[in-house]
Amino acid sequence: MSDTTDNGQVLTTQDGKPLKAALRRALRREKLRAFLLIAPLLIFVLITFVAPIVDMLFRSVENSIVADTLPKTVIELNKWDSSSGEAPGEEVYAALYDDMLIAVDLKTHTRLGSRLNYEQSGISSLFRKTGRRIKRMDEDGPFKDQFIGADKKWGEVETWQVLQQFSPRYTDGYFLNAFDAQRGPEGIEMKPENEQIYMFLFGRTLFLSIVITLSCLLLGYPIAFLLASLPLRTSNLLMILVLLPFWTSLLVRTSAWKVLLQQQGVINDFLVWTRLIDDAGRLVMINNQTGTIIAMTHILLPFMILPLYSVMKTISPSYVRAAKSLGANDWTAFWRVYFPQSVPGIGAGAILVFILSIGYYITPELVGGTSGIFISNRIAYHISSSLNWGLAASLGTLLLVAVLVLFVVYDKIVGIDNVKLG
Amino acid sequence: MANIRGAAVKYDSVQKSYDGESLVVKNLNLDIPPGEFLTMLGPSGSGKTTCLMMLAGFEPATHGEIYLNDRPINNVPPHKRGIGMVFQNYALFPHMSVAENLAFPLQVRNVPKSEQEQKVQRALDMVELGAFGNRRPAQLSGGQQQRVAVARALVFDPELVLMDEPLGALDKQLREQMQYEIKHIHENLGVTVVYVTHDQTEALTMSDRVAVFNDGVIQQLSTPDDLYEDPQNSFVAQFIGENNKLNGKVLGVQGEECLVELDDGTQLKADRVNVSEVGERTTLSLRPERVEFDTNDTMDNLVNGRIEELIYLGDHIRVRMNVAGNDEFIVKVRNRGEKRKLHVGETVQVGWALNDCKALDAVA
């Protein structure tokens, strides 16, 4: 569209204003009104949801505590060569004395201590101890000997290496930790085998989520098929049965599984009673992976059935009839004609169940024991028990990235347009 | 017909009930010779589609037996009957290309690959869609989808093809064109076709014979012209073509003729179709185009009527008249550019031959 006519004149309204400007002004009111309608929700979401999450994720790289608590020391320490094998010179200790005096007044030195304790144990007590002794030190120095006298750790290279390593305002330390890696003398290296945990947990989370998704699909597909092919009255009744768990508390459902699956539980008692297993050989079905898989499959099943059902509902029965009239037996008609048309429902259901289960927390916590917990349980532990929020944030970021990557892979394989919720 | 290779179908006292309380199909006996194009015509709920589905094998017969080439097929599952079928909404598999759709019946029959391609191409050429093999059904127009559906039902050389209102979703012009195409394909291949529709024009255009269904019973089974010219009862007369109804009672019967007194006292001579006794109520059926304004004394029936309305339709003029108390009496006058003009409100004499007036069972 051009705003000039053939002879170069600008199109105008009756009173001579340019037409395009007039159109923009006319539409501006509409746009503003539309925006005002969504503004409350937008602001609410931004303030209560997006901003805290961004802030939380930012903690995975943020590390200003060293630079804020010990500003002078950090500057002096930058001049020190950590590979020299010797503790830094007097000027660093002098700076440390100045910084510590202030920090002790503000009581921030203990906080710094517990932060650095994540990186090397013992630093927390070092800072506490030094904090108690700092007032008694001679103001005129020399400080190096006084500090080493307070705690001989101040004379060790490792202590200063940690301080120097975490003196920048941003760190990759949390992420290295989340990858089970650490920064050694030779640069980045994997942690010793027996300290690696997070990659293993990520792997288990992915594996169990896939298993749960597959078992939801196996159990849900026939039910959705039944729902879609039964007459409306019957299928409505069955649909209520499918939705019933939705209306029951998650905790109640999970606890019910505890009752059913435990070693003195209903299922084991029944099996013993029918002599299928003897009393000594009761099955362990709870507080391990089996428990997690069973309980989560049950809880997430409706998320598989509903998209499958809504897609299957749209597949006309005449397709299968046509296939049969063309000579296909029941299985061929299903596999070559019905199943391909239900794939969008499988796609939608699978991705829904998978993404829900990969971040699931409460059920693994309750029935997972130690072998059935997910990465999210570890994140929760760092948020509420160990208070290592930086590590929790980096694990959370990794989980988010992993889901996004899987989403892209999924899009490449299945195609996101192939996903239909109804 | 040059090459008849169709199958013979026989319904032997077939009954069908869905709920065990009422019969949808009541005692159906029907013989379809090889190569015939038979149409089951009737209003919705008349049982015609049920009859087709029983033949295809998707509905079991409650009683009776269906024979295909003298072989009872009640216990043969649909995929072993070898019957081609065209569905109402085509039922083309949306996830397969046109060629894959056509190859499907050949694949499940383990036809060799090279022969498959050859047959698919031949079938596509038959419906003039030779270049469309790689398209998806959704990329085709309604008429093209329809042709693919026909080609798919024929590609595995079935002896019998069933069509369930296949043209229902097309617009009028395309529907007429497809009627001729299907008719020609039938003539060329010589297969037996059983065609279900509720559209009488479609039935009359295409069929060798038409079975008119109502209420689960075949009301009349005859060729299209017999159906129109000699309806056997009031339902058929009403359902096929346009029709004037005149109610009265029989005054006298003489051979194939009878004398009927209408409710207003007018006496008319009529062809006796299914009335037998004097005094019986009857409905006279009369086609609008058989009524003449150019009357003469040799005509069997002469009546005066008042012109109520004139509708100009180009090739003919519809005249709505009040004749013998019936003000829905329609006369079709061919437009021959005559000098004689009709006027609303005018009372004129109309007449028709005895044979064009059928005395049928009484309807309200």
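Order of the sequence lines fixes the chain letters, A, B, ..., with proteins taken first and strands second; residue numbering starts at 1 for each chain.
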Is the number of heavy atoms from other residues, nucleotides or ligands within 6.0 Å of [atom1] ([X]) greater than 12?
X: Asp171(B); atom1: CG; result: yes
X: Phe207(A); atom1: CZ; result: no
X: Phe270(A); atom1: CZ; result: no

Give, as side chain, backbone, both or neither, the part of [X] having an atom under 4.5 angstrom from any heavy atom of chain A.
X: Leu92(B); value: backbone
X: Phe156(B); value: side chain
X: Gln107(B); value: side chain

field: Options Ala91(B), Gly57(B), Gly82(B), ranked by heavy-atom pairs under 4.5 Å with chain A, top entry
entry: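 It is Ala91(B).
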- prompt: With respect to chain A, which residue among Lys80(B), Arg81(B), Met96(B) yields the maximal number of heavy-atom pairs within a distance under 4.5 Å?
  reply: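 Greatest number of close heavy-atom pairs with chain A: Met96(B).
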task: With chain A as the partner chain, list the residues of residues 122-142 of chain B whose heavy atoms fall under 4.5 Å from it, by residue number, and write 'none' if nothing qualifies.
output: none
query: Quick one: does His95(B)'s side chain have a donor or acceptor within less than 3.5 Å of a partner on Arg336(A)'s backbone?
result: yes
query: Using a heavy-atom distance cut-off of less than 4.5 Å, which residues of residues 316-335 of chain A contact chain B?
result: Ser318(A), Tyr319(A), Arg321(A), Ala322(A), Ala323(A), Lys324(A), Ser325(A), Leu326(A), Gly327(A), Ala328(A), Asn329(A), Thr332(A)
